[in-house]
Protein chains: 2
Amino acid sequence: MRKYEYISNEMRRRIREEYYSADQPIPDELSLAKEFDCSRMTMKRALDILVSEGMLYRKRGHGTFIIKSSIHDLPVSVTDRENLGLTKLLANKQIESSIIQFDVEFPSNEVAKRLSIEKNVPVYHIIRLRKVEGEPYVIEKTYMPSNLISELNEEVLHGSVYRHITETLKLTIAGSHRKIRADKPTELDRKYLECAYDDPVLEVEQVAFLNTGEPFEYSFARHRYDKFVFSSVHIRK
Amino acid sequence: MRKYEYISNEMRRRIREEYYSADQPIPDELSLAKEFDCSRMTMKRALDILVSEGMLYRKRGHGTFIIKSSIHDLPVSVTDRENLGLTKLLANKQIESSIIQFDVEFPSNEVAKRLSIEKNVPVYHIIRLRKVEGEPYVIEKTYMPSNLISELNEEVLHGSVYRHITETLKLTIAGSHRKIRADKPTELDRKYLECAYDDPVLEVEQVAFLNTGEPFEYSFARHRYDKFVFSSVHIRK
DNA sequence: CAGTGGTCTAGACCACTAC
DNA sequence: TAGTGGTCTAGACCACTGT
């Protein structure tokens, strides 16, 4: 494991277990670096992670402090830093995926543009309903280029596409761009999410990339408004 | 200006102006470091920023590449990295703020907890309607501790509270935690946002912190669903 | 003033990729 | 194997804070 990761994990554990008093600054970077037998840069990098998680804040010339409200807050909802797919995110819940549509087609202009592919590259067009503990949770409409994501079949779609990508195809997911908006329910939403005419849906539009920079997924996830909150931590630089 | 910021800006400009071919890796870090007369670490840090913006991706052992779709995408909507307040965000638009409520009160348990203050510390309780180019845009319900954010008055509320905080009070905003959800419109929403019974709203709940780690704002911004999209870039580490 | 974090350097070695 | 990015070091100086 990388040194800065190990140190970061250890410091996170200490803070959660209140090893350090939340009323005082934690030890300064040089002392911690000595304790962990690393350079100050590496110590700094380890603490940077906790700062970006909203667990610590720094005051130049003064010290590094614990953000009290962070200690007992465990992030239960989907965050900004995660990009896992439902299966891993709600690993302890019973998840069911039913396939509403599973086609191969030529991409529209919009889809081709988002996936950075030519219009003659076939794309999978998948619509799935995901249920959590038997309750409808989200409808996902997904486009994936067939040349990149191969061997997709109904068995995979009933389970986890993300696991297929990372474990079977040995690809590495690098990140995504997302847009989040509220919308009125479509007929499809009402039917499958079992929502009323005046129940809003929360839509997450996403383009996800591999570590090669190639977009492998363009998707719209439409969530029941009463079952999904998108969380985000923003730290100004 | 910091060296890595300058370099980062220059590289962003070059990429946008297609100084580098998008089909090839950009020059390696050591060459760029020589060109910019900096160490490789500093060059790396400058490029890190562009990677986190979704403009570049790296392939270890291979090089650093431009994400094509990023070149012409200008971020028009609110992003994850911004925390500015409307006034600065839409600086070229005509923004009008009307005050629906402006009170001082003792905080509820929930508000006291979010702002990390005692229940005997008075908080401002503000409701504003923000209009952009004459059209209703968002209703903001905001709680701010009166001991931290002082000298708040109607004049400030008609303009920019963020400017008041940064310029008049000389405080530094460090970041925020946000939750985004869809909701049905309340009576207040319908009245001021001029939306129908079945028009959803997009709610952004936010706790914003100063660089001292003290929360200074707990707010709910309720947006018309047809006028607001929340954007987010997520890069896996 | 002493002590803190912010930036930057000039190197080193390692892990991975393409050839 | 050569070239790339990823990590890490041991220092340096600077900017800012509180006393």
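Numbers restart at 1 for each chain; the letters A, B, ... are given by sequence-line order, proteins then strands.
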(request) Starting from P on D:dA10, measure out to CE on A:Met43 and report it in whole angstrom. (result) 15 Å
(request) Provide, to the nearest angstrom, the distance between the CZ atom belonging to A:Arg45 and the P atom belonging to D:dT9. (result) 11 Å
(message) If you count every heavy atom of other residues, nucleotides or ligands that lies below 6.0 Å from B:Glu110 atom CD, does the total exceed 12?
(response) yes
(request) Would you jot down, in residue-number order, the residues of residues 25-40 of chain A having a non-hydrogen atom under 4.0 Å from DNA chain C? (result) A:Asp28, A:Glu29, A:Arg40
(message) Does a side-chain N or O of B:Arg2 approach OP1 or OP2 of C:dT7 to a distance below 4.0 Å, or not?
(response) yes
(message) Rounded to whole Å, please give me the gap between CZ in B:Phe65 and C1' in C:dA18.
(response) 11 Å
(message) When you measure from the side-chain N and O atoms of A:Thr42 to the phosphate of D:dT9, is any distance below 4.0 Å, counting only OP1 and OP2?
(response) yes
(message) Looking at B:Arg58 and B:Asp48, is there a salt bridge between them, counting it only when a charged N and a carboxylate O are closer than 4.0 Å?
(response) yes
(message) The criterion is side chain to side chain contact (heavy atoms under 4.5 Å, CB included); which residues satisfy it with B:Asp23, sequence neighbours excluded?
(response) B:Ser21, B:Lys68
(message) Quick check: on DNA chain D, is the nucleotide nearest A:Gly61 upstream (toward 5') of the one nearest A:Met41, or the reverse? Name the residue that is more 5'.
(response) A:Met41
(request) Under the side chain to side chain contact (heavy atoms under 4.5 Å, CB included) rule, collect the residues that match up with B:Glu203, sequence neighbours excluded. (result) B:Arg181, B:Phe220, B:Arg222
(request) Check whether any side-chain N or O of A:Tyr4 sits under 4.0 Å from OP1 or OP2 of D:dC8, and answer yes or no. (result) no
(message) List the residues meeting ring-ring contact (aromatic ring centres under 6.0 Å, His included) with B:His62, not counting sequence neighbours, and say none if there are none.
(response) B:Phe65
(message) Whole angstroms only, please: what is the CZ-C1' distance between B:Arg60 and D:dG6?
(response) 5 Å
(message) Measuring to OP1 and OP2 of C:dG6, would you say a side-chain N or O of A:Lys44 lies under 4.0 angstrom away?
(response) yes
(request) Check every atom of D:dG5, C:dT7, C:dT9 against the side chain of B:Lys3 and return the nucleotide holding the closest atom. (result) C:dT9
(request) Quickly work out the B:Asp48 CG to C:dT7 P distance and round it to whole Å. (result) 13 Å
(message) I'd like to check the ring-ring contact (aromatic ring centres under 6.0 Å, His included) partners of B:Tyr124; sequence neighbours left out, ordered by chain and number.
(response) B:Phe102
(request) State which residues pass side chain to side chain contact (heavy atoms under 4.5 Å, CB included) with A:Asp37; sequence neighbours excluded, sorted by chain then number. (result) none
(message) Please tell me if B:Thr64 has a side-chain N or O lying less than 4.0 Å from either OP1 or OP2 of D:dG5.
(response) yes
